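Since this is a predicted model, take the numbers as computed values, not measurements.
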Amino acid sequence: MEEQCLKASVNTCGDCIKSGSGCAWCKDLNFTKAGEQEAARCNTAAMLRDKGCSSNGIINPKNDFIKTKDKPLAPGANPVQIQPQEVQLNLRPGLPQTCQLHFKRAIGYPVDLYYLMDLSYSRKDDLENVKQLGNNLLTELTRITGNARIGFGSFVDKTLLPYTDTNEAKLQRPCSDKSEPCQPAFGFQHVLSLTKDGTKFRDMVAKQHISGNLDPPEGSLDAIMQVAVCVKDIGWGNSTRLLVLATDDGFHMAGDGKLAAILEPNKETCELVKNKYSKSNLWDYPSVGQIARKLEEQNIQPIFAVTKKMETELSKLIPKSAVGVLSEDSSNVVKIIVDAYNNLTSEVILAHEALPDFISVKYTSDCKGGESPSERGKCDNVNIGKEVIFNVTVTVDRCITSQSFLIGPLGFSEKMRVNIRTRCECECDDSNQPHPHCGGNGKVVCGSCSCDPGFLGQRCECKLGQKDEASLKAQCRKDNGTECEGKGDCLCGRCQCYSTDSGGNFYGEFCECDDEHCEKANNTQCAGHGKCKCGKCECDQGYEGPACDCVKSDKDCMTDEGVCHERGKCECNVCKCERGYSGAKCKTCSSCQRPCKDCVECLAFGTGPFEKNCSKACNHLKQETVERLLKYDCRVRDKEGCWMLFTMTEQRGFDKYYVKVLQARASLERRMFAIFFTFIHWF
């Protein structure tokens, strides 16, 4: 695509390269003519060369991509799965830069699995099976990864009505069967931090007893939030983090707390006191969105192990999650977890954290279906030892301070740090001494004069106080209006424009332009399909309309006689008629007057007012003389008082007609006689 430079307010080399990625600056001393604005130095590199700028005189900064050396692997550290760990991008605003991230699943990468179980009364049989699964689960995970840990926590619901019976006796023993062990009602409790000791898992879980509540939905989202944010308590390591949620019922979500007069929203912080969730009865349940965000921030991949009747929709809302259907007694839970682990870890989703303002990122990959740029990179069936390559394209829209952000595969703690600096200043290597080119009253900066205090002008030729102030200010008023339209200062007879509130610039000879106040569609300037230039939208190719909100097409404007019968313009696929014409395709004009005498007479019979300049005065008519005319729509007398009969058909465009004229002219008396004779002949 041909490079463009859509410059706005440009006075310096820095202004130029900030105005667009296609803009370059010519620093040749004599490139501009006397009186010519310095903005003439700013254009595409090709245009500058065409105008005579030397190759060495063109300043056109490009992107720099620097791959930071990968840090060496420390003894005992986890295997490295992504390369590189850090890159430095020095970007020209508007100019995309692509770097690569390599991901390779490593053998022996550790796994942390936290088992979060619903201990409401309906889960009594399942608890007995879970007490036996610790060693089995660790054995299976260790067989796959060589390095696994397991932890345990449980939940029921808030201990308030209508979720739980608040009778004191019921709070202490909420189970209906008085003969079996039962623990007091609770919200969430952390039982066992992550450990490699399967026996300890078995022993700690063996001490757990069933509890109970009233309504079927449980407080599972409260529990998930605490598991995600209480990193130190749970013991999450630099590992693949899995959270297994085992339940047979639905979940309360944000807003349900109002049923118990809980109005304070969930604050997404760790609130474990003696391993129990202390804000259970004070804070509302978190939303699904809050849960999804926190799990992603902490690289935790959830596995929802649920009964058939409760096959959850949560996995559709939370990226990098899996669902498995439990048997009636949860005896298949190990198989569910192992299968889910294999599925989750073979799917690689590359994403970034919240981006700094004015930075955008797109991804492609060498995987099947990864050719089209998207908001996230994705590869399926990535087995251990297989390497996949993601192309990461970063664009910064404007000049910003140095920023950084992280990119990495969801569910893995490893990230690539992307450091961003913008290239918004010119490097011209000029002398700091007064220069003859600037009359000795300033120095040269990238070919332009930077004047000493008290001097102004293209060559610093204007000394304040030497010229009449009123005449200088008059040069800054458009049509004797406000000085620089109130958007700039008048200096030496030229407007120096202010910056806009949003950091842009007013520009133009009188600062009459800015690029921030154009028509909007869907609350977006130029509908996102164009650029605002001096208050008007310049639409991208394929779009049109004052707000660039229409796909360019003339399909509904076409007729057999051209677009809108050539009596209007097609805008947004609708005819905009001109000169009084109306209708969907500008076919009719109720106020238009058709020529009905003089031109017809001169064209058909060579008489009348236009007989001497007929071809010139009547070139908008095409005329044909015929011997018979079955019907006519116009009857007028000519110069000699005879009747002319003719039909008139409008042609495409304006004031164009095709006229058929009866060859024979007759007086009124002859015409009446002919009609009478015909009548007698018939009868």
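When the shell of 6.0 Å around NE2 of H517 is examined, it contains 12 or fewer heavy atoms from other residues, nucleotides or ligands. No more than 12 heavy atoms of other residues, nucleotides or ligands lie within 6.0 Å of CG in N522, so this atom counts as exposed by the packing criterion. More than 12 non-hydrogen atoms from other residues, nucleotides or ligands lie less than 6.0 angstrom from NZ of K415.
Distance check for C438 and C451: the SG atoms are not under the 2.5 Å cut-off. Taken together, the cysteine pair C449 and C460 keeps its SG atoms at least 2.5 Å away from each other. For the cysteines C426 and C446, the sulfur (SG) atoms lie at a distance of at least 2.5 angstrom from each other. C484-C495 SG separation is under 2.5 Å; the pair is scored as a disulfide. Per the SG-SG cut-off, C570 and C575 are not bridged by a disulfide [distance not under 2.5 Å]. The SG atoms of C564 and C557 do not sit under 2.5 Å apart.
Interatomic distance, NZ of K18 versus SG of C42, reported as 12.5 Å (0.5 Å rounding). Here the CG atom belonging to N299 is positioned 6.5 Å from the OG atom belonging to S413, to the nearest 0.5 angstrom. From M416, atom CE reaches atom CD of E86 across 10.0 Å, with rounding to the nearest 0.5 Å. The line from CZ of F510 to OG1 of T482 is 12.0 Å long, rounded to the nearest 0.5 Å. Here the CZ atom belonging to R41 is positioned 12.0 Å from the NZ atom belonging to K51, to the nearest 0.5 angstrom. Remark: N573 CG to E544 CD distance equals 8.0 Å, nearest 0.5 Å.
Smallest separation of non-hydrogen atoms from T524 and G528: CG2-N, 3.5 Å. Taking every heavy atom of both residues into account, V361 and E375 meet most closely at O-OE1, 4.2 Å. Heavy atoms only, all atoms of each residue included: L29 and H435 are closest at CD1-CE1, 3.8 Å. Considering every non-hydrogen atom in both W25 and S448, the closest pair reads CZ2-OG, 3.3 Å. Closest of all the heavy-atom pairs between R105 and N383 is CB-O, 3.8 Å. Between V388 and C367, the closest heavy-atom pair is CG1-SG, 3.7 Å.
Using a 4.5 Å cut-off on side-chain heavy atoms (C-beta onward), E347 and V382 make no contact.
In terms of modelled atom types and a separation under 3.5 Å, the side chain of N391 and the main chain of Q100 share no donor-acceptor contact. Checked by atom type and distance alone, the side chain of T422 pairs as donor or acceptor with a backbone atom of I400 at under 3.5 Å. In this structure, the side chain of D514 engages the main chain of E516 through a donor-acceptor pair within 3.5 Å. Between the side chain of K378 and the main chain of G370, no donor-acceptor pair closer than 3.5 Å is present. Although no hydrogens or angles enter the test, the distance criterion places no donor-acceptor pair under 3.5 Å between the side chain of R567 and the main chain of G580. Between the side chain of D430 and the backbone N or O of K443 there is no donor-acceptor pair closer than 3.5 Å. With hydrogens and angles ignored, the 3.5 Å screen pairs no side-chain donor or acceptor of N60 with any backbone N or O of A24. At distances below 3.5 Å, not a single donor-acceptor pair connects side-chain atoms of E483 with backbone N or O atoms of C476.
Take S404 and apply the side-chain contact (heavy atoms from CB on, under 4.5 Å) test, not counting sequence neighbours, and it matches R417, N419. With sequence neighbours excluded, the residues satisfying salt bridge (Lys or Arg N to Asp or Glu O under 4.0 Å) with D655 are R579. Every ring-ring contact (aromatic ring centres under 6.0 Å, His included) that F654 has, sequence neighbours left out, goes to Y581. Looking at residues two or more places apart in sequence or on another chain, you find a ring-ring contact (aromatic ring centres under 6.0 Å, His included) between F103 and F412. Residues passing the side-chain contact (heavy atoms from CB on, under 4.5 Å) test with N63 are L91, R92, L95, Q97, sequence neighbours excluded. Contacts of S582 classified as side-chain contact (heavy atoms from CB on, under 4.5 Å), with partners at least two apart in sequence or in another chain: T588. By the salt bridge (Lys or Arg N to Asp or Glu O under 4.0 Å) test, E566 pairs with R652, sequence neighbours left out. Qualifying side-chain hydrogen bond (donor to acceptor under 3.5 Å, both in side chains) partners for E296, counting only residues two or more places apart in sequence or in other chains: R376. Every residue meeting the salt bridge (Lys or Arg N to Asp or Glu O under 4.0 Å) condition with K267, not counting sequence neighbours, appears here in chain and number order: E264. Listed by chain and number, the residues in a ring-ring contact (aromatic ring centres under 6.0 Å, His included) with Y543 are H529 (sequence neighbours excluded).
With C532 as the partner, the disulfide bond (SG atoms under 2.5 Å apart) test is satisfied by one option alone out of C518, C526, C537: C518. A side chain to side chain contact (heavy atoms under 4.5 Å, CB included) with L350 is found for exactly one of S374, C379, P409, S365, namely P409. Screening I66, V392, V418 for a side chain to side chain contact (heavy atoms under 4.5 Å, CB included) with C99, the sole residue that qualifies is V392.
Each ring pair (Phe, Tyr, Trp, His ring centres under 6.0 Å) pair with one or both residues in residues 349-391, not counting sequence neighbours, appears once here: H352-Y363. Listed by first then second residue, pairs satisfying ring pair (Phe, Tyr, Trp, His ring centres under 6.0 Å) with a partner in residues 559-579 number zero, not counting sequence neighbours.
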For the pair E578 and K569, evaluate side chain to side chain contact (heavy atoms under 4.5 Å, CB included) and give the outcome as yes or no after the intermediate values. CA-CA 8 Å; E578 300 171 355; K569 296 179 181 178; 3.7 Å; yes
Run the side chain to side chain contact (heavy atoms under 4.5 Å, CB included) check on C534 and Y507 step by step: do they pass? CA-CA 8 Å; C534 198; Y507 62 97; 3.6 Å; yes
Evaluation steps, side chain to side chain contact (heavy atoms under 4.5 Å, CB included), between N30 and H437: CA-CA 9 Å; N30 296 311; H437 183 73; 3.7 Å; yes
Let me see the working for K294 and V229 under side chain to side chain contact (heavy atoms under 4.5 Å, CB included), right down to the final yes or no. CA-CA 7 Å; K294 280 299 173 184; V229 298; 3.9 Å; yes
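Using a 4.0 Å cut-off between charged side-chain N and carboxylate O, E512 and K487 make no salt bridge. One finds a salt bridge joining R423 and D64 here, because a Lys/Arg side-chain nitrogen approaches an Asp/Glu carboxylate oxygen to under 4.0 Å.
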